[in-house]
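Note that this is a predicted model, so its numbers are computed, not measured.
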Amino acid sequence: MPRSRRLFRRAVRLDEICVPRVIEVLTDNAHLRTIRVELTARYGSELDILADRIRRTVLDVVDDIVGTGPVGSGDGSSSTRGGPAVDVAVTDIVDGNPLTS
């Protein structure tokens, strides 16, 4: 899924707010289960709001790639949109623009 990782990376890179450092796409057979995103964010960002925004953006990219059908397991471990679980973690905080720090 290298192409999809590039799409996720481009979608979640928010100039002067955050930049993805790690994107992992986990599958089980042919089912997309979890997408894990680690970010570097700018000091002062509201991290809970940022994480929610990134989750929504990742799910939008999934919808664009695979359509709006059920791509998760439907067993409660997937998002309420029927897609994969999206784990977002801010692993680094920087002063200034995270793209150049």
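- Cluster membership check: Val22 does not share its hydrophobic cluster with Val37, using side-chain heavy-atom separations under 4.5 Å among Ile, Leu, Val, Met, Phe, Trp and Tyr.
- The nearest pair of heavy atoms linking Val90 to Ile93 is CG1-CD1, 3.6 Å.
- The closest side-chain heavy-atom distance from Leu59 to Pro84 is below 4.5 Å.
- Taking CZ from Arg42 and CG from Asn97, the interatomic distance works out to 6.5 Å, rounded to the nearest 0.5 Å.
- The minimum heavy-atom distance between Ser101 and Gly96, with the atom names listed, is OG-C, 4.4 Å.
- For Arg13, the CZ atom sits in a loose shell: 12 or fewer heavy atoms of surrounding residues, nucleotides or ligands are nearer than 6.0 Å.
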Go through it in stages, so that I can follow the logic: the residues are Val19 and Leu14, the test is side chain to side chain contact (heavy atoms under 4.5 Å, CB included), and I'd like the CA-CA distance, side-chain angles, deciding distance and then a yes or no.
CA-CA 6 Å; Val19 62; Leu14 305 173; over 6 Å; no
For Ile35 and Val62, run side chain to side chain contact (heavy atoms under 4.5 Å, CB included): C-alpha distance rounded to whole Å, both residues' side-chain angles, the deciding distance at 0.1 Å, then the answer.
CA-CA 10 Å; Ile35 300 166; Val62 169; 3.5 Å; yes
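- With values rounded to the nearest 0.5 angstrom, Thr100 atom OG1 is found 8.0 Å from Glu16 atom CD.
- Side-chain contact between Thr40 and Val94 is present, with heavy atoms from C-beta onward closer than 4.5 Å.
- Rounded to the nearest 0.5 Å, atoms CG (Leu39) and CG (Leu50) are 6.0 Å apart.
- Nearest heavy-atom pair, Pro20 versus Arg9, reported as atom, atom and distance to 0.1 Å: O-NH1, 2.9 Å.
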For Val12 and Val58, run side chain to side chain contact (heavy atoms under 4.5 Å, CB included): C-alpha distance rounded to whole Å, both residues' side-chain angles, the deciding distance at 0.1 Å, then the answer.
CA-CA 7 Å; Val12 301; Val58 167; 3.8 Å; yes
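- Residues Val25 and Ile65 share a hydrophobic cluster, clusters being chains of Ile/Leu/Val/Met/Phe/Trp/Tyr side chains in contact below 4.5 Å.
- If you take OG1 on Thr34 and CG on Leu26, they are separated by 5.5 Å, rounding to the nearest 0.5 Å.
- Considering CZ of Arg53 and CD1 of Ile17, their distance stands at 5.5 Å, rounded to 0.5 Å.
- Considering CG of Asp87 and CD1 of Ile54, their distance stands at 13.5 Å, rounded to 0.5 Å.
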